[in-house]
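The block underneath contains the structure these notes are about, expressed in structure tokens.
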Protein chains: 2
Amino acid sequence: MTAEREASPRVRLNRDRVLLAAVSLADAIGIEALSMRRLAQELGVVPMALYKHVANKEELLDGMVEVIIAKIGPDESDAEWKPAVRRRVLSARHALARHPWARRVIESRTTQTPAVLSYMDSFAGMFLTGGFSADLAHHVMHALGGRMWGFTQELFVDPAATAEPVAGPPEARAALMEQMAAHYPHIAAIAASSAHDGATVVGQGCDDQFEFEFALDLLLDGFERLHREQWTSGISGPSRATPVAAD
Amino acid sequence: MTAEREASPRVRLNRDRVLLAAVSLADAIGIEALSMRRLAQELGVVPMALYKHVANKEELLDGMVEVIIAKIGPDESDAEWKPAVRRRVLSARHALARHPWARRVIESRTTQTPAVLSYMDSFAGMFLTGGFSADLAHHVMHALGGRMWGFTQELFVDPAATAEPVAGPPEARAALMEQMAAHYPHIAAIAASSAHDGATVVGQGCDDQFEFEFALDLLLDGFERLHREQWTSGISGPSRATPVAAD
DNA sequence: ACCTGAACACCGTTCAAGT
DNA sequence: ACCTGAACACCGTTCAAGT
């Protein structure tokens with residue numbers, strides 16, 4: 001499933017071939033298993049050959065992020081800011097969906113590459129063009145944060161893996177559920193109301209896309225309200241803004 | 001700065017001593033430099049000695065998170081839900097502030113430990129006690145997400161490290177600023193309005209605490225509105241909720 | 001200009017042995 | 001019951017050499 005590329009010995013490496021191979025290798029074996037040595041092997045080359053095309057592993061990761069960003073699709077900020085922002089966020093979410101490692105890698109990068117900066121700039125542009133003050137646009141970009149990339153602010157990462165994985169018989173699972181309910185009554189209450197199957201607490205049976213859009217729209221609505229009310233940071237804090245002339 | 005602990009040879013290891021040493025070692029040298037071997041050395045012990053007290057490195061990390069959670073301080077949900085949630089989030093933020101590695105570690109854990117689950121349960125409890133339906137409480141927990149721990153959904157991680165670090169003369173920095181403005185005009189516009197010093201774009205001069213509370217209050221206000229309007233997920237999406245009888 | 005080989009200073013973890 | 005030593009199968013990266 002992973003050694004199908006480059007049986008032919010002489011194809012000449014270049015930066016793009018290295019980056020593309022790294023992306024699909026990470027897709028296949030996971031980011032934690034992606035090593036310079038493993039990637040070199042995949043490309044039929046000695047580990048040190050890679051260092052002619054990327055300075056080090058950090059730069060490899062930066063390059064991989066660039067490859068992903070290129071797939072997000074262009075800015076179409078001609079429309080109103082709100083649907084424009086919404087559309088672009090969801091398109092990023094779509095582009096990153098098949099690269100589960102991308103989130104972790106993007107968040108680990110400290111020095112922003114041009115690709116990252118211009119992606120962020122497109123959001124700043126949508127807000128400013130939409131009539132936001134630079135002040136509000138600034139805070140709103142922070143509030144959006146990683147959601148700009150379509151990241152959920154994950155909490156319930158692996159739906160299946162709550163407490164110990166229960167491989168045992170069904171009655172053991174049921175016993176665990178009772179224990180959970182005893183120890184974490186409120187989570188259990190929430191789970192009971194929304195569980196599509198009763199196997200785990202929160203996380204199982206959640207519609208990720210729904211949860212993402214729920215939070216996104218909550219934020220966008222908040223942005224809209226502050227914009228309408230001509231909020232400025234002089235007052236401090238969204239809820240302490242004095243409404244000016246809403247609707 | 002880092003080899004001051006345990007010169008005395010025979011103090012007998014135990015799980016707590018291992019975990020506490022791991023936490024302060026991570027504080028000192030960073031999480032990526034924390035290895036089983038390094039930790040063993042810090043404790044004046046051979047690497048394999050640790051494996052009597054933690055099964056492996058994963059369990060070490062889980063234990064370190066438990067140590068941090070223990071510092072968050074108790075749930076005081078007797079008050080109204082909104083200030084109670086707000087207070088607990090900010091108290092988590094405070095507790096985690098001096099352990100910059102904690103965020104990454106918490107997010108990397110897939111199997112939730114009892115300590116993590118009961119922390120989450122305390123939030124579920126505040127919403128339910130505050131009169132939220134299990135349905136709304138569920139989505140609201142997701143929307144809160146990592147902010148429950150006081151995490152910002154970071155984007156501008158390292159304030160100083162935008163593009164290449166400019167060690168050169170001031171005129172080189174100025175030239176870089178102009179380049180930035182040319183390539184990323186919207187970011188530059190925002191930066192110009194809020195820059196306390198003009199050195200970098202967004203990130204520099206931001207008051208992290210302000211940005212955090214801005215987004216938090218935006219969400220809490222949204223939660224309050226949906227609660228007031230008796231929102232249910234049947235309708236789908238906060239902005240598409242039909243207001244029922246607000247105020 | 002690009003790739004190779006050998007080496008260095010690290011990892012986490014197993015297994016068999018010591019006290 | 002707890003700790004040790006040696007070993008295995010890995011890392012990223014440097015340096016000097018090959019074509």
Side-chain angles (χ1 to χ4, degrees), chain A residues 1-3 5-23 25-65 101 104-105 108-111, chain B residues 1-3 5-23 25-65 101 104-105 108-111:
Chain A
M1 185 222 206
T2 176
R5 271 170 297 276
E6 300 328 313
S8 52
R10 275 291 86 77
V11 197
R12 200 87 167 209
L13 245 43
N14 60 46
R15 191 165 195 269
D16 268 12
R17 272 198 356 104
V18 170
L19 297 182
L20 291 173
V23 165
L25 186 56
D27 290 346
I29 67 172
I31 195 70
E32 68 292 330
L34 177 79
S35 68
M36 297 298 274
R37 298 172 110 108
R38 185 81 176 69
L39 176 59
Q41 171 188 304
E42 197 71 12
L43 286 161
V45 109
V46 92
M48 281 317 298
L50 301 177
Y51 287 78
K52 263 270 114 62
H53 304 99
V54 289
N56 48 38
K57 194 175 182 184
E58 295 289 286
E59 201 183 288
L60 178 76
L61 294 171
D62 281 338
M64 291 169 69
V65 172
W101 47 268
R104 188 164 304 278
V105 172
S108 73
R109 253 67 299 280
T110 55
T111 113
Chain B
M1 186 222 204
T2 173
R5 270 170 296 275
E6 299 328 310
S8 52
R10 274 294 85 79
V11 198
R12 200 84 167 211
L13 245 42
N14 59 46
R15 190 164 196 268
D16 267 12
R17 268 192 7 97
V18 170
L19 297 182
L20 290 174
V23 165
L25 186 56
D27 290 346
I29 67 173
I31 193 71
E32 67 294 325
L34 177 79
S35 67
M36 297 298 276
R37 298 172 110 109
R38 187 82 176 69
L39 175 59
Q41 172 188 303
E42 197 71 12
L43 287 160
V45 107
V46 94
M48 281 317 300
L50 302 177
Y51 286 80
K52 263 271 113 60
H53 305 100
V54 289
N56 48 38
K57 195 175 181 182
E58 294 289 286
E59 201 183 290
L60 178 76
L61 294 171
D62 281 338
M64 291 169 70
V65 172
W101 48 268
R104 190 164 303 280
V105 172
S108 73
R109 252 72 295 282
T110 55
T111 113

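Naming convention: chains lettered A, B, ... in sequence-line order (proteins, then strands); numbering from 1 in each chain.
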query: Among D/dA7, D/dC2, C/dC2, which is the nearest nucleotide to the side chain of B/K52?
result: D/dC2
field: Nucleotide of D/dG5, D/dA7, D/dG12 approaching A/S35 most closely (side-chain heavy atoms)
entry: D/dG12
message: With a 4.5 Å cut-off on side-chain heavy atoms, are A/R38 and A/L25 touching?
response: yes
field: First of A/A55 and A/A33 reached from the 5' end of DNA chain D, by closest nucleotide
entry: A/A33
message: Distance check needed: C/dC11 C1' versus B/E58 CD, whole Å only.
response: 14 Å
Length of the CG-P vector between A/L60 and D/dC11, whole Å: 14 Å
task: Could you check if a side-chain atom of A/E59 sits within less than 4.5 angstrom of a side-chain atom of A/R15, using non-hydrogen atoms only?
output: yes
message: Suppose we define a pair by two distances each less than 3.5 Å, Watson-Crick or G-U wobble; what does C/dT13 pair with here?
response: D/dA7
query: With respect to the side chain of B/M36, which nucleotide from C/dC11, C/dG12, C/dC2 is positioned closest?
result: C/dG12
- prompt: Does the side chain of A/H53 get closer than 4.0 angstrom to OP1 or OP2 of C/dC3 through an N or O atom?
  reply: yes
- line: B/R17 atom CZ is separated from D/dC3 atom C1', nearest whole Å, by 13 Å
field: Rounded distance in Å - CG (B/L50) to P (C/dT14)
entry: 14 Å
message: Would you say that A/M36 contacts A/P47 through its side chain, given a criterion of any heavy-atom pair below 4.5 Å between the two side chains?
response: no
- prompt: If we call it a pair only when both distances are under 3.5 Å in a Watson-Crick or G-U wobble match, what pairs with C/dC2?
  reply: D/dG18
- request: Look up atom CG in B/L20 and atom CG in B/D16, then write down how far apart they are to the nearest 0.5 Å.
  value: 5.5 Å
- request: Report the distance from atom CG of B/L39 to atom P of C/dT13, rounded to the nearest whole Å.
  value: 13 Å
message: Can you confirm whether A/I31 sits close enough to A/L61 that some side-chain heavy atom of one is under 4.5 Å from a side-chain heavy atom of the other?
response: yes
message: Heavy atoms from C-beta onward define the side chain here; which of C/dG12, C/dT13, D/dC3 lies closest to that of B/M48?
response: C/dT13
query: Taking CD from A/E59 and P from D/dT13, how many angstroms apart are they, rounded to a whole number?
result: 11 Å
query: Which of the following nucleotides, D/dG12, C/dG12, D/dT13, is nearest to the side chain of A/P47?
result: D/dT13
message: Is the phosphate of D/dT14 approached by A/Y51 (side-chain N or O, under 4.0 Å from OP1 or OP2)?
response: no
field: Euclidean distance, atom CZ of residue B/R37 to atom C1' of D/dA9 [Å, nearest integer]
entry: 12 Å
query: What nucleotide, of C/dA7, C/dC3, D/dC3, holds the atom closest to the side chain of A/R12?
result: C/dC3
statement: Rounded to whole Å, the CG-P distance (A/L61 to D/dG12) equals 10 Å
